[in-house]
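Input: a single structure, listed below in structure tokens.
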Amino acid sequence: MNPNPSPFKAILERCSLHDLFSKNLHIPDYQRPYSWRSSHVQDLLKDTFERTTPYLMGTVILHDEGSGTLDIVDGQQRLVTLTVLLHVLCEQLKRDPVPLPLLTGQFNEGSARIIRKTHQAILGFLAGRCDTDKDGFLDRLLATGNDNGRLLFNVLVLSGETALDRAYT
């Protein structure tokens, strides 16, 4: 037992997708595999593609062990899906790629297969849509500050000796 445990700390902030992805995020080994079905992906796309007002995507829980990396405790499915979406949009629009740290990690074969299905679902959703609409969507996804149409997250960062246990309760 640690004689000087670090005190538990919880910080809640509202972040845009851009701000969230600028953090040093990591999917820890204890996380369940990526498993979103195409219907989940379609729902996310339908909810966000034409939105011109800020959209709250729910809460993401992160665990800060003090190493500078934030482990994703809750929100992995949404964040990986949004990472694939950003990759596809940048590729289709021939825009400079956005740093996508969640796609550089190692996924097991099951997760990799489902990520490929997610990629296909996104391509299917975007098929036939004009580049101007896709470009506006990408700009809204990457928007910061008070830009309209941006995605927002409540981000809860937990740190301290009991943070991971508390994250699950």
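Residues Arg78 and Trp36 form a side-chain contact, since some pair of their non-hydrogen atoms from C-beta on lies under 4.5 Å apart. Between Arg32 and Gln77, some side-chain heavy-atom pair lies under the 4.5 Å cut-off. Taking the side chain as every heavy atom from C-beta outward, Leu82 and Met57 approach each other to under 4.5 Å. Taking the side chain as every heavy atom from C-beta outward, Val80 and Thr118 never approach each other to under 4.5 Å. Contact annotation: the side chain of Val88 approaches that of His119 to within less than 4.5 Å [non-hydrogen atoms, C-beta and beyond]. In this structure, Lys9 and Asp64 have side chains that are not in contact, with every pair of non-hydrogen atoms separated by 4.5 Å or more. Looking at Asn24 and Leu70, their side chains never come closer than 4.5 Å, going by heavy atoms from C-beta outward. Side-chain contact check for Leu85 versus Leu45: some heavy-atom pair is nearer than 4.5 Å.
There is a path of hydrophobic side-chain contacts, each under 4.5 Å, that joins Phe8 to Ile61. Using a 4.5 Å cut-off between side-chain heavy atoms of Ile, Leu, Val, Met, Phe, Trp and Tyr, with links allowed through other members, Leu17 and Tyr55 fall into the same hydrophobic cluster. Both Leu93 and Val84 are members of a single hydrophobic cluster when ILVMFWY side chains are connected at heavy-atom separations under 4.5 Å.
Within the model, atoms SG of Cys15 and CG of Leu151 stand 12.5 Å from one another, a figure rounded to the nearest 0.5 Å. Between Gln92 atom CD and Ile122 atom CD1 the span is 10.0 Å, to the nearest 0.5 Å. Atoms CZ and CG, from Arg14 and Leu20 in turn, are 13.0 Å apart once rounded to the nearest 0.5 Å. Note that the CZ atom of Arg150 and the OG1 atom of Thr52 stand 12.5 Å from one another [nearest 0.5 Å]. Interatomic distance, CG of Leu141 versus OG1 of Thr48, reported as 6.0 Å (0.5 Å rounding). Distance check: Leu152 CG to Ser16 OG gives 7.0 Å after rounding to the nearest 0.5 Å.
Relative orientation of the Phe49 and Phe125 rings is perpendicular, given thresholds of 30° and 60° on the angle between their planes.
Scored by the salt bridge (Lys or Arg N to Asp or Glu O under 4.0 Å) test, Asp47 finds no partners at all (sequence neighbours excluded). Residues passing the side-chain contact (heavy atoms from CB on, under 4.5 Å) test with Glu50, sequence neighbours excluded: Arg129. Looking at residues two or more places apart in sequence or on another chain, you find a side-chain contact (heavy atoms from CB on, under 4.5 Å) between Asp71 and His26, Pro28, Tyr30, His63, Glu65, Thr69. Take Leu12 and apply the side-chain contact (heavy atoms from CB on, under 4.5 Å) test, not counting sequence neighbours, and it matches Asn154, Leu156. Partners of Asp131 under the salt bridge (Lys or Arg N to Asp or Glu O under 4.0 Å) rule, at least two apart in sequence or in another chain, are Lys134. Here Arg113 pairs with nothing under the side chain to side chain donor-acceptor pair (under 3.5 Å) rule; sequence neighbours left out. Take Gln120 and apply the side-chain contact (heavy atoms from CB on, under 4.5 Å) test, not counting sequence neighbours, and it matches Leu123. Partners of His18 by ring-ring contact (aromatic ring centres under 6.0 Å, His included), not counting sequence neighbours: none found. Applying the ring-ring contact (aromatic ring centres under 6.0 Å, His included) criterion to Tyr34, with sequence neighbours excluded, gives no partner residue. By the side chain to side chain donor-acceptor pair (under 3.5 Å) test, Ser159 pairs with no residue at all, sequence neighbours left out. Evaluation of the side chain to side chain donor-acceptor pair (under 3.5 Å) rule for Asp74 yields no partner, not counting sequence neighbours. Among residues two or more places apart in sequence or in another chain, the salt bridge (Lys or Arg N to Asp or Glu O under 4.0 Å) test is passed with Glu13 by Lys23.
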Would Phe21 and Leu79 count as a side chain to side chain contact (heavy atoms under 4.5 Å, CB included) if you check the C-alpha gap in whole Å, the side-chain angles of each, and the deciding distance to 0.1 Å?
CA-CA 9 Å; Phe21 276 1; Leu79 295 178; 3.9 Å; yes
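With hydrogens and angles ignored, the 3.5 Å screen pairs a side-chain donor or acceptor of Arg140 with a backbone N or O of Arg51. No donor-acceptor pair under 3.5 Å is formed between the side chain of Gln76 and the backbone N or O of Ile27.
Closest approach of Ile72 and Gln31 over heavy atoms only: O-NE2, 2.8 Å. Closest heavy-atom contact between Leu138 and Cys90: CD2-SG, 4.1 Å.
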